[in-house]
2 protein chains.
Amino acid sequence: MLDRNHRANHRERSLLSKTGFMRALSPSALARLLDSAHITALPARATIFREGEPAMAFYALLSGYVRLYRVSRDGRQADIRICGPGDIFAECLIYGGDIYRFNAQAAENVSLARFDMQDVRELAEQDPTVSKAIMATLSDHLLSTMDCVVNDRLHTAPQRVADYLLTRCPSDNGPASIRLPYQKSLLAGMLGLAPEALSRAFSSLRRTGVTVRGRVIQIGDVEALKEI
Amino acid sequence: MLDRNHRANHRERSLLSKTGFMRALSPSALARLLDSAHITALPARATIFREGEPAMAFYALLSGYVRLYRVSRDGRQADIRICGPGDIFAECLIYGGDIYRFNAQAAENVSLARFDMQDVRELAEQDPTVSKAIMATLSDHLLSTMDCVVNDRLHTAPQRVADYLLTRCPSDNGPASIRLPYQKSLLAGMLGLAPEALSRAFSSLRRTGVTVRGRVIQIGDVEALKEI
DNA sequence: GGCCCGATTTGACGTCGATCAAACCGGGCC
DNA sequence: GGCCCGGTTTGATCGACGTCAAATCGGGCC
């Protein structure tokens with residue numbers, strides 16, 4: 001499973017220390033955490049961990065995208081979260097159980113940092129900035145997962161897509177252009193849609209001035225999208 | 001909005017200290033927390049807080065049930081979580097923002113304890129058992145919200161109902177009987193269904209040996225339910 | 001610039017669950 | 001015990017989305 005595995009070098013330490021999780025750590029906690037990190041590169045589609053395995057570590061993503069998902073008895077998959085550069089994942093198991101509760105898979109070539117849960121538990125015990133960072137990250141993930149439930153239950157496919165576009169729109173009026181950082185099938189999964197449904201949602205947004213060319217999405221009028 | 005408001009008496013302190021959140025606190029932190037609690041009783045349908053209001057406090061539920069939900073632009077509601085006795089809610093805002101992100105409403109007569117966020121932040125700073133309790137609770141809520149997303153995306157209404165029944169089934173084989181602790185419309189909301197859909201799900205489970213009489217649900221064979 | 005393959009789109013269809021309206025039930029009350 | 005009312009069930013209908021299959025696109029590579 002491991003393609004390359006080494007301690008964090010200067011560039012990687014710098015990337016990691018800029019993440020939301022580590023930005024507010026005390027210098028000493030940050031140093032200890034970075035010293036404990038193992039950096040790994042994995043090819044697209046590689047499995048990082050599987051549901052049910054003992055949860056020894058959590059991860060921070062340096063580059064690429066990772067899919068957290070669960071599989072039903074009949075083999076269908078549902079994405080729980082898509083992680084991008086700077087995100088951490090499986091941190092909910094630091095104090096939440098000893099077994100992974102979902103699968104993690106590289107959606108493309110990724111580079112990630114691995115942290116031993118037990119080490120971090122000890123660090124949190126000694127340094128309150130670590131606990132605070134964990135609590136802030138957990139809260140953030142909880143709130144966005146709640147958003148996800150509400151979105152699924154209240155909004156149709158075109159509304160969810162409009163919502164997605166609006167949240168990554170630089171300006172909040174006039175025209176705009178967005179480039180998706182990943183394949184549309186990944187976006188479909190994160191919105192809880194089949195790829196075909198995402199495609200149809202985009203085409204139903206054409207009447208609202210949205211044009212799609214590959215990964216580039218042109219929005220005629222941001223205000224109009226808000227009305228959907 | 002406040003019907004009755006006082007400091008926790010002996011019985012209430014005892015109830016609170018048995019909750020998952022407070023069970024593992026150090027004696028001194030527990031005492032300080034209980035001293036800071038305000039107990040309130042509210043009638044059914046009362047609003048506890050509204051989305052958008054400044055988040056000054058989080059809550060622990062002593063008795064009754066509370067509905068956390070959001071409302072769409074066109075007035076439809078989606079439940080995010082149903083809290084029961086011993087649950088705490090809105091704790092995701094201790095380190096997660098300064099505004100309530102959903103509405104909280106008493107589903108029936110409730111009694112609840114109110115804790116000032118700022119007080120608890122200070123307590124957590126000084127006593128690591130408090131941070132640990134917060135992290136454990138956040139992790140728990142995050143994991144169950146993830147379960148909720150996956151359930152919505154992978155399971156049909158009868159499957160979700162079967163799932164619900166199985167998780168509160170005392171035994172794991174043979175016949176069993178369950179009494180719902182709340183109205184069916186509340187259960188419908190927590191499963192992400194309209195009340196009519198819940199009713200139809202129950203009636204489709206009749207062929208699997210499930211009978212419903214008011215709030216009492218008889219399960220002919222628990223094993224059979226697992227097959228759904 | 002053209003080729004090729006996997007990703008995306010389009011079409012046709014079926015199923016699930018929301019919605020509205022009407023009938024029904026059960027539990028609290030007198 | 002009977003009445004009443006809110007909660008629940010049932011029926012009919014509809015729209016949204018999943019699935020399968022076939023056509024098309026786009027981006028990387030030579």
Side-chain angles (χ1 to χ4, degrees), chain A residues 43-45 65 67 71-72 74-79 107-109 149-163 179-206 210-218 228, chain B residues 43-45 65 67 71-72 74-79 107-109 149-164 179-207 210-218 228:
Chain A
R45 295 172 192 280
Y65 287 85
R67 211 162 71 85
V71 181
S72 71
D74 57 341
R76 279 153 51 240
Q77 305 188 346
D79 287 357
E108 48 185 88
N109 293 351
V149 172
V150 170
N151 255 312
D152 281 13
R153 292 183 175 178
L154 289 180
H155 300 322
T156 65
Q159 288 174 323
R160 279 180 254 179
V161 174
D163 220 67
R179 162 171 265 273
L180 296 177
Y182 31 61
Q183 300 188 155
K184 274 182 217 143
S185 51
L186 196 65
L187 174 59
M190 81 189 258
L191 299 178
L193 297 171
E196 297 93 324
L198 174 64
S199 174
R200 282 187 243 271
F202 271 126
S203 81
S204 93
L205 288 178
R206 267 201 294 258
V210 174
T211 19
V212 179
R213 277 273 293 272
R215 286 188 180 182
V216 177
I217 299 170
Q218 305 275 355
I228 294 291
Chain B
R45 295 170 193 281
Y65 287 85
R67 212 162 71 83
V71 181
S72 71
D74 56 342
R76 279 152 51 240
Q77 305 188 346
D79 287 358
E108 47 185 88
N109 293 352
V149 172
V150 170
N151 256 312
D152 280 13
R153 292 182 174 179
L154 289 180
H155 299 323
T156 65
Q159 289 174 323
R160 278 180 254 179
V161 174
D163 220 68
Y164 172 87
R179 162 171 264 275
L180 296 177
Y182 32 61
Q183 299 187 157
K184 273 180 221 153
S185 51
L186 197 65
L187 174 59
M190 81 189 257
L191 299 178
L193 297 171
E196 297 93 324
L198 174 64
S199 174
R200 282 186 243 272
F202 271 127
S203 82
S204 93
L205 288 178
R206 266 202 294 259
R207 75 197 60 184
V210 174
T211 22
V212 179
R213 278 271 294 271
R215 284 188 180 184
V216 177
I217 298 170
Q218 304 275 354
I228 294 292

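Hydrogens, waters and symmetry mates are skipped; everything else that's a heavy atom, side chains included, is used.
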Distance in angstrom units between Arg179(A) CZ and dG26(D) P, rounded: 13 Å
Residue mapping more 5' on DNA chain D - nearest nucleotide basis, Gly192(A) or Val212(A): Gly192(A)
Whole angstrom value for the distance that separates P of dA12(C) from CD of Glu196(A): 15 Å
Selected nucleotide, minimal atom distance to Arg160(A) side chain, candidates dC17(D), dT8(C), dC20(C): dC17(D)
Atom CZ of Arg45(B) with >12 non-hydrogen neighbours under 6.0 angstrom: no
Between dG6(C) (C1') and Leu186(A) (CG): distance, integer Å: 16 Å
Asp152(B) CG - dG17(C) P separation (whole Å): 11 Å
Arg206(A) CZ to dT10(C) C1', straight-line distance once rounded to whole Å: 10 Å
Side-chain-base donor-acceptor pair under 3.5 Å for Arg213(A) and dT9(C): no
Candidates dT9(C), dT8(D), dG7(D) - which lies nearest the side chain of Arg45(B): dG7(D)
Interatomic distance where CD1 belongs to Ile217(A) and C1' belongs to dG26(D) [whole Å]: 15 Å
Min side-chain heavy-atom separation Asn151(B)-Tyr164(B) under 4.5 Å: no
pair Tyr182(A)-Met190(A): side-chain heavy atoms closer than 4.5 Å: yes
Approximate separation, where rounding is to 0.5 Å, of Asp79(B) CG and Leu186(B) CG: 6.5 Å
Shortest side-chain distance from Thr156(B), nucleotide among dG26(D), dT10(C), dG17(C): dG17(C)
Presence of donor-acceptor pair under 3.5 Å, side chain of Arg200(B) and base of dG11(D): yes
Atom-pair distance (CD on Gln183(A); P on dT9(C)), nearest Å: 12 Å
Sugar-phosphate only, base, or nothing, as touched by Arg215(A) at under 4.0 Å among non-hydrogen atoms: nothing
Gap between atoms CZ and P, on Arg76(A) and dT15(C) respectively (whole Å): 15 Å
Ser185(A) vs dT8(C): side-chain N/O to OP1/OP2 distance below 4.0 Å: yes
Sugar-phosphate only, base, or nothing, as touched by Arg153(B) at under 4.0 Å among non-hydrogen atoms: nothing
Sugar-phosphate, base or nothing in reach of Leu198(B), heavy atoms under 4.0 Å: nothing
Side-chain ion pair, Arg160(A) and Asp152(A), N-O less than 4.0 Å: yes
